[in-house]
Amino acid sequence: MATPKTPDEHSVGYVEPKSVRFDHKLELARAETSLPHYELVYETYGTLNEQRNNAILICHALSGDHHAAGIHRDTGTVGWWDNCIGPGKPIDTDRFYVLSLNNLGGCSGSTGPTSINPDTNQPYGGDFPTVTVPDWVNTQKELADHLGIERFAAVVGGSLGGMQAMQWAIDYPERVANALLIASAPKLSAQNIGFNEIARSAIERDPDFIAGETPKTGLALARMIGHVTYLSEVGMAGKFGRKFQENQAQSTKEPMFAVQSYLRYQGNKFVDRFDPHTYILMTKSLDYFDPAEAYGGDLVETFRRATARFLVVSFTSDWRFSPQRSAEIVDALISAGCSVSSAVVESADGHDSFLLDSPRYFEILRNYLTNVADNL
Amino acid sequence: MRSDLEFIASLVHAKSRVLDLGCGDGALLSYLAREKSVTGYGVDDDSSAIATCLAKGVNVIEHDLNEGLSRFPDDSFDMVLMTETLQATLEPHKLVRELLRIGQECIVTFPNFAHWSCRIHMLSRGTMPVSTHLPHQWYNTPNIHLCTVKDFDELCASLDLRVIDRFVVDNDYQSGRICTWWPNLFGATAFYRLGRQ
């Protein structure tokens, strides 16, 4: 049995999720139905200062949740971005008040497909309305209002999280001082949507899903597909190569290569913690994301609304959200006259790089945010 | 503040929108922002330069100049600056033309390889000049396209560029009579403000 995790000096320590219920009707950008009320689960780390100007919002990606840092006492679960958030870490909780939430439609406590539909008294499941990035930004703004945060010092996110940070800067320019867009894109390419479609099909074609049961096979398969695209060829070669399994396969049904059993493990682990309808919802939200759509498809025109300073970070081996896609964001921001910095970090870890600790990546975040903190 | 940067700042129009190619630690841009209300971006491909710019709050774009400048649209900046960088690029002649596509004007500075100290070094020792200003050995220098004031004048003429200003200074960044009299012999660093014809 693994030793339970205990917080060290750079950890925010044991944390407990909080939740808030909003008792008003929520209209959604791409859904015909609205939600009569909704609940958001969130965590906070650090202290909101007197001027209330040191708040950082963390936006999670496809499979993330509100538990970004610290440790849950009961389960020993460490936050998904604990390496980056904490006292003395790049997102320094000695200086910033950090807010992280589970997005609407998620499956970690916020209102989503696993919540009870008041019309039927059954879980929403596939009836949960389509939620898109602008809807998340609107609900995050409600949460900010609830916590008395007028303006975020920074909104930070990787991948789908970066899309939310971008949307914030466009939709609520006066409420975002800095937007940090990591391993993100201005909209998905057809290839990228294609990968999401394969993942969704894996779930939707699972006989258990069709029968209204948990599609264990399909969800695991969706995760395996996703996972491969979040790694890089060179990274996988380094990690697994053509290594065989330690316990050699006895039959052709058993995995032979180490990479096979790794992917199977990742897929099966995911089934225990994730909801298939949320997976479909999150991937659709990725696919729909296109902030320029409301501005005649012109990204430069879109960014003219933004007043935030931007930091755009990408990773060399990330082919799902490649440096080229980040460069599109940067170039549009420059043309729009926005304040922007960008860095392309050498990494072999593919799209996953944005979650991993690497010296240059963390130096970039640290330097940028230290300057933000110094100028609050 | 390095005196060369101060010198360049005197050539930059106040409140202009600039692109500083090979911006290094961002000293020029932060000086220009403070003293002349200039806005803009630095461009560099050195990771420590980028980290320093970010710490100072200077806008910096990670980009290798040798990949070209096609990502920057025509006339997108008032001025494009390139200080002591041209000599380290793969195709300086193409880059200079690009600077004036992107910006109305550009400022280019470079070390003058025909400075008397370089000439004496070559004459007396017969080896490639090494100095405090050009500290590298021939085999590891980033300065792969060193040139002289005369070379650059000829390049500007052949590319049909308008030389708006030219200052040639000595090692103390003084533009004395002797530098003006024989710039290609006594000038250590050359500053050019260029425009389109």
Side-chain angles (χ1 to χ4, degrees), chain A residues 90 92 153-154 177-182 298-301 303 306-316 323-347 358-376, chain B residues 15-30 32-34 37-81 98-99 101-104:
Chain A
D92 190 348
N178 292 274
L180 278 63
L181 322 178
I182 306 163
D298 186 338
L299 192 60
V300 175
E301 210 44 50
F303 281 141
T307 54
R309 295 179 64 226
F310 289 83
L311 174 66
V312 181
V313 182
S314 57
F315 301 91
T316 50
Q324 184 49 43
R325 303 312 312 280
S326 280
E328 287 173 34
I329 300 172
V330 173
D331 293 346
L333 284 167
I334 291 175
S335 290
C338 295
S339 197
V340 56
S341 287
S342 77
V344 185
V345 179
E346 192 80 39
S347 163
S358 68
R360 180 164 185 233
Y361 172 37
F362 275 18
E363 181 188 36
I364 286 162
L365 295 182
R366 186 188 302 277
N367 287 12
Y368 188 90
L369 289 172
T370 302
N371 181 259
V372 170
D374 289 344
N375 289 290
L376 281 177
Chain B
K15 293 186 182 158
S16 55
R17 183 173 141 87
V18 306
L19 187 66
D20 182 4
L21 302 174
C23 65
D25 64 5
L28 176 61
L29 277 173
S30 52
L32 289 173
R34 203 169 53 241
S37 306
V38 158
T39 56
Y41 312 85
V43 175
D44 216 303
D45 64 347
D46 178 70
S47 55
S48 72
I50 285 160
T52 311
C53 287
L54 295 178
K56 284 182 184 169
V58 170
N59 289 333
V60 63
I61 308 300
E62 181 162 348
H63 178 82
D64 178 359
L65 298 181
N66 290 323
E67 282 174 18
L69 297 173
S70 58
R71 67 187 289 186
F72 299 105
D74 296 359
D75 286 314
S76 48
F77 288 89
D78 299 323
M79 294 191 105
V80 181
L81 318 178
E98 278 290 272
L99 303 190
R101 175 185 65 77
I102 298 164
Q104 294 287 331

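The figures that follow rest on heavy atoms only: side chains count, while hydrogens, waters and symmetry mates do not. Naming: A, B, ... by sequence-line order, numbering from 1 per chain.
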Engaged part of B:Ser47 at the chain A interface, taking heavy atoms whose separation is under 4.5 Å: both
Spatial distance of atom OG (A:Ser326) from atom CD (B:Glu62) [nearest 0.5 Å]: 11.5 Å
B:Leu54 and A:Asn371, any side-chain heavy atoms less than 4.5 Å apart: no
Segment of A:Leu311 engaging chain B (4.5 angstrom heavy-atom cut-off): side chain
Check: A:Asn367 side chain, B:Ala51 main-chain N or O, donor-acceptor pair, under 3.5 Å: yes
Distance (rounded to the nearest 0.5 Å) between B:Phe72 CZ and A:Ser335 OG: 9.5 Å
Contact leader toward chain B among A:Val330, A:Thr370, A:Ile334, A:Asn375, where contacts are heavy-atom pairs under 4.5 Å: A:Ile334
Residues of residues 359-366 of chain A contacting chain B, heavy-atom criterion under 4.5 Å, by residue number: A:Arg360, A:Glu363, A:Ile364
Portion of B:Ile61 that has a non-hydrogen atom of chain A nearer than 4.5 angstrom: both
